[in-house]
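Working notes, beginning with the structure itself.
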Amino acid sequence: MKTKQTITIYIVRILLILLTLFLLWFIFSNATADGVASSEQSYSVTITVQEVVGAIDPDSPIATATGEDFDLLHACVRNTAHLLQYLALGAAAFGTYLSFVNKEKWGFAYIPPCFLFLTAATDEYMQTLTAGRAAEFADFSVDCTGALSGIVFAFFVYGIVLLIVNKRRKACHGRS
């Protein structure tokens, strides 16, 4: 019979795999949207950002941006979206790896970063095949930065989980 701890590990692994697959689907579906749809989507998000900031501070330069200032804000929103998507993917993918890792498998820690690098490259390449889109090295760089940040975040969370687990084990052994 499986222990409660083993079942929990399996559930975490399945959820991380599903999250990674969902994020891949989301990223690639955005990459295959044509130029008009992509611009409309990011424009809509930029307007929403302006509205939210405007509700907090109506005189904010973000809330009142027009013309070139709006274009700069729009570019920042697009770059932030790239960064956050890949941060989430990096955390999910490396979290999946960490959920399977043991002392013997640390030699394979290069696989998730390589996978994420190839995902970012594929994402940008797919845009060259889509009407009104083009690959941009700047987007690729932001994607890789987000992915690496996600890996660092996942590793940090993994360290905290290990500390908690080890602390509980010591507390349980201390009672015996």
Side-chain angles (χ1 to χ4, degrees), residues 2-3 5-35 37-39 41-42 45-46 48-49 72-169:
K2 302 275 184 200
T3 65
Q5 181 181 9
T6 304
I7 292 170
T8 301
I9 291 169
Y10 285 137
I11 290 171
V12 168
R13 286 175 178 170
I14 290 168
L15 290 174
L16 285 168
I17 290 167
L18 291 174
L19 178 60
T20 301
L21 292 173
F22 169 77
L23 290 166
L24 283 169
W25 168 81
F26 181 76
I27 288 168
F28 288 147
S29 67
N30 284 333
T32 58
D34 66 35
S38 177
S39 290
Q41 182 182 23
S42 62
V45 172
T46 305
T48 302
V49 167
L72 179 60
L73 175 63
H74 186 229
C76 289
V77 166
R78 288 182 73 92
N79 283 333
T80 301
H82 275 266
L83 184 81
L84 293 176
Q85 288 175 28
Y86 275 88
L87 188 143
L89 180 62
F94 201 68
T96 301
Y97 168 77
L98 290 172
S99 74
F100 285 94
V101 77
N102 59 34
K103 290 177 185 173
E104 295 81 37
K105 293 183 182 174
W106 274 102
F108 297 102
Y110 65 90
I111 292 174
C114 289
F115 164 75
L116 294 163
F117 175 84
L118 289 173
T119 300
T122 302
D123 178 21
E124 288 304 309
Y125 176 72
M126 287 173 67
Q127 291 180 38
T128 66
L129 305 174
T130 306
R133 302 288 298 273
E136 294 183 24
F137 184 75
D139 285 348
F140 174 75
S141 299
V142 171
D143 295 345
C144 289
T145 300
L148 291 174
S149 299
I151 288 171
V152 169
F153 176 77
F155 198 71
F156 179 74
V157 170
Y158 178 74
I160 290 172
V161 169
L162 282 181
L163 285 173
I164 292 168
V165 167
N166 288 335
K167 189 173 184 178
R168 283 189 178 177
R169 283 184 184 156

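We use all heavy atoms of the structure for the numbers below, so side chains are in, but hydrogens, waters and symmetry mates are not. Count residues from 1 along the sequence.
- Put simply, the side chain of D143 does not reach to within 4.5 Å of the side chain of L83, judged on heavy atoms.
- Taking a 6.0 Å sphere around CZ of F153, one finds it holds 12 or fewer heavy atoms contributed by other residues, nucleotides or ligands.
- Side chain of T130 to backbone of A33: no donor-acceptor contact under 3.5 angstrom is found.
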task = Determine, step by step, whether L89 and L19 satisfy the side-chain contact (heavy atoms from CB on, under 4.5 Å) criterion, reporting the C-alpha distance in whole Å, the side-chain angles of both residues, the deciding distance to 0.1 Å, and the verdict.
result = CA-CA 8 Å; L89 180 62; L19 178 60; over 6 Å; no
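- Heavy-atom contacts from other residues, nucleotides or ligands closer than 6.0 Å to CZ of F100 number more than 12.
- The aromatic ring centroids of Y86 and F117 lie 6.0 Å or more from each other.
- Within the 3.5 Å criterion, the main-chain N or O of T96 finds a donor-acceptor partner in the side chain of S99.
- At least one side-chain heavy atom of V165 sits under 4.5 Å from a side-chain heavy atom of R169.
- Without hydrogens or angle criteria, Q127 side chain to A135 main chain gives no donor-acceptor distance under 3.5 Å.
- Every residue meeting the ring-ring contact (aromatic ring centres under 6.0 Å, His included) condition with F22, not counting sequence neighbours, appears here in chain and number order: W25.
- When all heavy atoms of S149 and L87 are compared, the closest pair comes out as CB-CD1, 3.8 Å.
- Side-chain atoms of T32 come within 3.5 Å of backbone N or O of F28 as a donor-acceptor pair.
- In this structure, the ring of Y97 has its center less than 6.0 angstrom from the ring center of F94.
- Looking only at side-chain heavy atoms (C-beta outward), T80 and V77 stay at 4.5 Å or farther from each other.
- Open room surrounds CZ on F155; 12 or fewer heavy atoms of other groups in view lie less than 6.0 Å from it.
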